[in-house]
There are 2 protein chains.
Amino acid sequence: MARLPVYLRALTALVDQGISTCSSNDLAAAAGVNPAKLRKDLSYLGSYGTRGVGYDVEYLRYQIARELGQTQDWDVVIVGVGHLGSALSAYRGFSTRGIRIAALVDSDPERIGTEVAGVTVAPMADLESIVREHGIAIAVIATPGEAAQGVADALVSAGVTSILNFAPAIVTVPEGVAVRKVDLSIELQILAYHEQRRSAEAPGGGAGPWAADGEVSL
Amino acid sequence: MARLPVYLRALTALVDQGISTCSSNDLAAAAGVNPAKLRKDLSYLGSYGTRGVGYDVEYLRYQIARELGQTQDWDVVIVGVGHLGSALSAYRGFSTRGIRIAALVDSDPERIGTEVAGVTVAPMADLESIVREHGIAIAVIATPGEAAQGVADALVSAGVTSILNFAPAIVTVPEGVAVRKVDLSIELQILAYHEQRRSAEAPGGGAGPWAADGEVSL
DNA sequence: AGGATTTTGTTCTCACGTTCACAAGCTCTT
DNA sequence: AAGAGCTTGTGAACGTGAGAACAAAATCCT
């Protein structure tokens with residue numbers, strides 16, 4: 001489930017507060033979800049809670065971390081070292097969550113050889129050997145949209161099986177390769193759309209099929 | 001719907017290719033969705049296609065842009081000018097999609113007064129006047145997690161009604177305020193989770209309730 | 001002009017995810 | 001030791017979204 005990392009973060013926050021035990025209500029509140037949903041999610045992992053008591057924070061945290069594969073560090077390569085790629089390279093949130101930026105790759109000769117966040121930028125030609133050498137399974141695409149599909153193809157053929165795509169383009173990959181897409185401008189456009197509807201419907205107060213759509217926070 | 005911006009991008013790509021008419025099949029392929037879903041989504045906007053022919057690319061593009069509120073430019077303020085905030089400020093994808101970075105705000109005295117991507121960084125104290133002056137409805141939080149809730153409160157009280165939150169924290173806001181969350185490390189953790197399951201189940205080929213989960217691309 | 005063909009708009013069905021509600025089980029008090 | 005009080009785990013209803021299938025409509029060909 002895609003919510004496991006959220007729970008993990010909430011649990012880590014509880015650990016930092018020195019809390020050693022929590023109920024599903026507490027944890028659900030911290031994670032911003034429904035308690036029943038939380039319990040059902042956790043029940044898929046196994047019965048790690050005790051009825052009448054709640055969950056042992058540290059123990060549950062470890063179990064989720066294990067389920068997420070966070071007992072090991074995952075080496076990741078970032079392709080595209082523009083503004084966004086650089087920001088990602090320097091992002092501190094990764095290292096504490098089992099993600100290690102093992103390599104940076106770019107096609108711009110100006111950037112190749114420079115050092116970003118302690119890692120030297122390698123040329124695209126080295127991609128395959130880098131992936132093989134580090135045993136990299138996960139890659140990040142932070143290139144312009146036009147380059148994304150080509151980069152994805154190269155990544156897949158080098159052996160990468162999971163891709164996080166920040167480029168504004170739809171990339172298609174063979175079956176068995178996981179792709180997640182984060183599109184910064186689309187997120188803002190969605191918010192602009194809400195604002196648009198808000199200002200358009202404020203006078204009329206019309207109904208329309210748009211009224212309830214679940215994205216407006218509670 | 002959250003897919004409208006995706007359709008808009010696909011349509012823009014078609015315009016660039018000089019294509020003036022397209023069927024729901026073509027557009028759905030370009031957007032990476034099911035044709036039936038696409039038609040259903042578009043039908044909510046109105047009947048902008050002609051049966052037996054398809055959609056007029058330029059006309060449909062305008063209609064979606066209008067629905068998204070992209071006929072006007074939306075002024076946005078970014079709070080937190082670290083690596084990520086700077087990268088967002090410099091992101092070129094915004095301006096072509098009706099998003100204008102009108103102001104940057106940070107609490108670090110070192111950063112206040114510096115210029116990033118052509119905009120001078122303002123102190124937090126100026127937030128309210130900035131929002132009021134530009135009529136800003138949409139804000140981006142790119143601060144560390146600890147600061148996120150405080151910033152969100154300040155934004156809401158200044159009059160912002162839509163927030164895009166990049167900080168690794170759950171922010172709660174009053175009803176009527178829209179929040180979208182983008183969490184970079186969670187995206188990678190989800191991919192790591194897929195890899196974890198892949199390597200864990202590769203030998204056993206076990207079933208489990210996790211087998212089908214729709215996030216692995218086709 | 002009339003039918004064949006194509007493609008939209010819509011209805012219907014289905015499956016998934018979410019939520020409610022309750023039984024099972026643990027702890028603490030008396 | 002037995003019951004009262006919580007809290008988990010799960011079975012059942014609910015609502016929502018996705019996909020298939022079909023009818024309406026426009027064009028093209030004969």
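Chain letters run A, B, ... following the sequence lines, proteins first and then strands; every chain starts at 1.
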Q. Does the side chain of A/Ser24 get closer than 4.0 angstrom to OP1 or OP2 of D/dT8 through an N or O atom?
A. yes

Are there any protein N/O atoms within less than 3.5 Å of an N/O atom in nucleotides 2-4 of chain C, and if so, which ones and at what distance?
none

Q | Partners meeting salt bridge (charged side-chain N to carboxylate O under 4.0 Å, His left out) with A/Lys37 (sequence neighbours left out) | A | none

Q) Where along residues 51-63 of chain A does a heavy atom fall under 4.0 Å from DNA chain C? A) A/Arg51, A/Gly52, A/Val53

Q. Does A/Asp26 have any salt bridge (charged side-chain N to carboxylate O under 4.0 Å, His left out) partners at least two apart in sequence or in another chain, and if so, which?
A. none

**Q.** Qualifying salt bridge (charged side-chain N to carboxylate O under 4.0 Å, His left out) pairs, either residue in residues 73-94 of chain B, two or more places apart
**A.** B/Asp75-B/Arg100

**Q.** Test item: side-chain donor near acceptor, B/Glu195 and A/Thr161, under 3.5 Å
**A.** yes

Q: Could you list the residues that satisfy ring-ring contact (aromatic ring centres under 6.0 Å, His included) with B/Tyr62, not counting sequence neighbours?
A: none

Q.
Restricting to side chain to side chain contact (heavy atoms under 4.5 Å, CB included), what partner residues turn up for A/Ser24, sequence neighbours left out?
A. A/Pro35, A/Leu38, A/Arg39, A/Tyr55

Report all interatomic pairs (protein N or O, nucleotide N or O of nucleotides 18-20 of chain C) with separations under 3.5 Å.
{"unit_1": "C/dT18", "atom_1": "OP1", "unit_2": "A/Arg3", "atom_2": "NH1", "d": "3.0"}
{"unit_1": "C/dT18", "atom_1": "OP2", "unit_2": "A/Arg3", "atom_2": "NH2", "d": "3.2"}
{"unit_1": "C/dT19", "atom_1": "O4", "unit_2": "A/Lys40", "atom_2": "NZ", "d": "2.9"}

Q. With A/Asp106, which residues qualify under side chain to side chain donor-acceptor pair (under 3.5 Å), at least two apart?
A. A/Arg111

Q) Residues in salt bridge (charged side-chain N to carboxylate O under 4.0 Å, His left out) with A/Arg3, at least two apart? A) A/Asp41

Q.
Output the rounded distance in Å from OH (A/Tyr44) to P (D/dT8).
A. 18 Å

(Q) Tell me every residue that passes side chain to side chain contact (heavy atoms under 4.5 Å, CB included) with A/Val6, counting only those two or more places apart in sequence or in another chain. (A) A/Ala31, B/Ile170, B/Ile186

Q: Rounded off to whole Å, could you give me the OH-to-P distance for the A/Tyr48 and C/dC26 pair?
A: 17 Å

Q. Residues in side chain to side chain donor-acceptor pair (under 3.5 Å) with A/Arg132, at least two apart?
A. A/Glu128

Q: Rounded to the nearest angstrom, tell me the gap between atom CG in A/Leu38 and atom P in D/dT7.
A: 14 Å

